[in-house]
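Counting starts at 1 for both ligands and their atoms, in listed order. Values reported hereafter were calculated over all heavy atoms of this structure, with side chains retained and with hydrogens, waters and symmetry mates removed.
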Amino acid sequence: METQLEPGLYIVAGPIGNLGDLTPRAAEILRRADVIAVEDTRVSARLLRHAGSDRPMLPYHDHSAEGVRARLVERMASESVALLSDAGTPLISDPGYKLVRDARAAGRRITTLPGPSAAIAALTLSGLPTDRFLFMGFLPAKAKARADTLAEVAALRATLIFYESGPRLSDSLAAMAEGLGDREAAVSREISKTFEETATGTLTDLSARYADAPPKGEIVVIVGPPGEVPPASAEDADAALLEAMERLPVSKAAGEVAKKFGLDRRGLYARAMELKA
Ligand code: SAM
């Protein structure tokens with residue numbers, strides 16, 4: 001064992017499929033921590049072997065008995081506790097939030113070893129807007145709950161990120177098309193592994209593509225934001241101009257309508273003069 005770490009909680013991101021993505025700093029913490037809280041000891045044993053760690057593991061879930069969490073938080077006073085998930089970043093659709101919450105409440109030292117997360121990796125592959133996004137985790141399995149969840153976010157001007165599984169994929173994509181509109185989307189599977197693949201298209205196209213052949217492996221669905229409001233029709237623009245001209249001089253009326261509809265101001269000014277004549 002290497003030298004002792006400072007006591008506290010170390011949130012350690014692991015790979016999402018490719019062991020080579022474990023960062024050197026994360027590997028070092030896994031070799032030096034007093035204990036490693038894991039979801040599944042068999043899954044994490046492989047990563048620990050890869051990191052050259054012989055540190056003891058302890059199974060932990062947020063729904064573990066309160067006593068398990070309390071004992072871990074207690075140990076953090078004098079020992080280093082690493083938190084590791086089966087894949088990727090702990091707490092992201094994985095256990096850990098309650099452990100961090102309680103460790104913080106107890107005044108323990110907390111640090112994170114950042115690394116891969118399938119959500120961000122898929123977002124970067126999608127070619128969809130990244131300036132505003134919302135992580136949705138897994139959609140509920142039941143149709144009504146799934147539709148309700150989609151309805152909650154349908155109006156948001158944000159790219160949406162969903163975790164999915166192969167057997168549910170086609171149905172989920174169809175439900176998204178129904179609940180969100182037929183938006184542009186991307187399906188990424190097996191990121192960082194041998195059979196990594198990203199397919200793009202509308203939700204309806206992608207749903208049809210996977211209907212007869214559910215894909216194998218781990219999947220993330222990225223759904224683009226709703227489309228722009230359709231351009232104002234000529235009648236709408238005329239009506240708005242006429243109304244504005246009753247209150248304002250022609251140039252100001254054209255400016256107001258141009259701003260409202262996102263139209264060209266000079267074109268609207270010319271149209272306003274026509275209407276006036
Ligand atoms: N904590 C993990 C993270 O940071 O990405 C996510 C854990 S969640 C229980 C597992 C889900 O993440 C999978 O069902 C899949 O939707 C997604 N996932 C994990 N690894 C993936 C990969 N290599 N390619 C695509 N999706 C992946």
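- Residue contacts with ligand 1, taken as heavy atom pairs separated by less than 4.0 Å, involve Asp94 solely via side-chain atoms from C-beta onward.
- Taking every non-hydrogen atom of Phe138 and a distance limit under 4.0 Å, the qualifying atoms of ligand 1 come out as 11 (C), 14 (O).
- Summary of contacts: the protein heavy atom closest to atom 20 (N) of ligand 1 is Glu218 OE1, 3.3 Å.
- The N/O atoms of Ala118, backbone and side chain alike, include one that comes under 3.5 Å of an N/O atom in ligand 1.
- For atom 22 (C) of ligand 1, the candidate residues are Ile161, Ile191, Ile219; the nearest heavy-atom contact is made by Ile191.
- Near Glu164, with a cut-off below 4.0 Å to any heavy atom, the atoms of ligand 1 are 14 (O), 16 (O).
- Put simply, Leu84 and Tyr97 are part of two different groups of oily side chains (I, L, V, M, F, W, Y) that touch within less than 4.5 Å, one to the next.
- The shortest contact between atom 2 (C) of ligand 1 and any protein heavy atom is with Ala87 O, 3.2 Å.
- The distance from ligand 1 to the heavy atoms of Thr89 drops below 4.0 Å at these ligand atoms: 1 (N), 3 (C), 4 (O).
- Checked against the 6.0 Å centroid criterion, the rings of Phe135 and Tyr163 qualify as a close aromatic pair.
- Ligand 1 is never approached by Ser85 to a heavy-atom distance shorter than 4.0 Å.
- Under a 4.0 Å N-O distance rule, the pair Glu6/Arg109 qualifies as a salt bridge.
- Residues Asp148 and Lys144 are paired through a salt bridge, judged by an N-O separation under 4.0 Å between the basic side chain and the carboxylate.
- Nearest-residue assignment for atom 4 (O) of ligand 1 (options Ser165, Ser117, Gly166; heavy-atom criterion): Ser117.
- Each of the atoms 25 (C), 26 (N) of ligand 1 lies under 4.0 Å from some heavy atom of Val220.
- Counting the atoms of ligand 1 from 1 in the order shown, those under 4.0 Å from a heavy atom of Ser93 are 7 (C), 8 (S), 9 (C).
- Taking every non-hydrogen atom of Lys193 and a distance limit under 4.0 Å, the qualifying atoms of ligand 1 come out as 23 (N).
- Heavy-atom minimum distance, Pro15 versus Pro116: CA-CG, 4.1 Å.
- Glu66 and Arg69 are joined by a salt bridge, as a carboxylate oxygen and a charged side-chain nitrogen come within less than 4.0 angstrom of each other.
- For a threshold of 3.5 Å applied to N or O pairs, the pair formed by Ile16 and ligand 1 contains at least one separation below that value.
- A cation-pi arrangement is not found for Arg271 relative to Tyr269, the charged atom failing to lie both closer than 6.0 Å to the ring centre and inside a 45° cone about the ring normal.
- Electrostatic pairing of Glu190 and Lys216 does not count as a salt bridge here, judged by no charged N lying under 4.0 Å from a carboxylate O.
- For Asn18 and Ser192, the side-chain atoms include no donor-acceptor pair closer than 3.5 Å.
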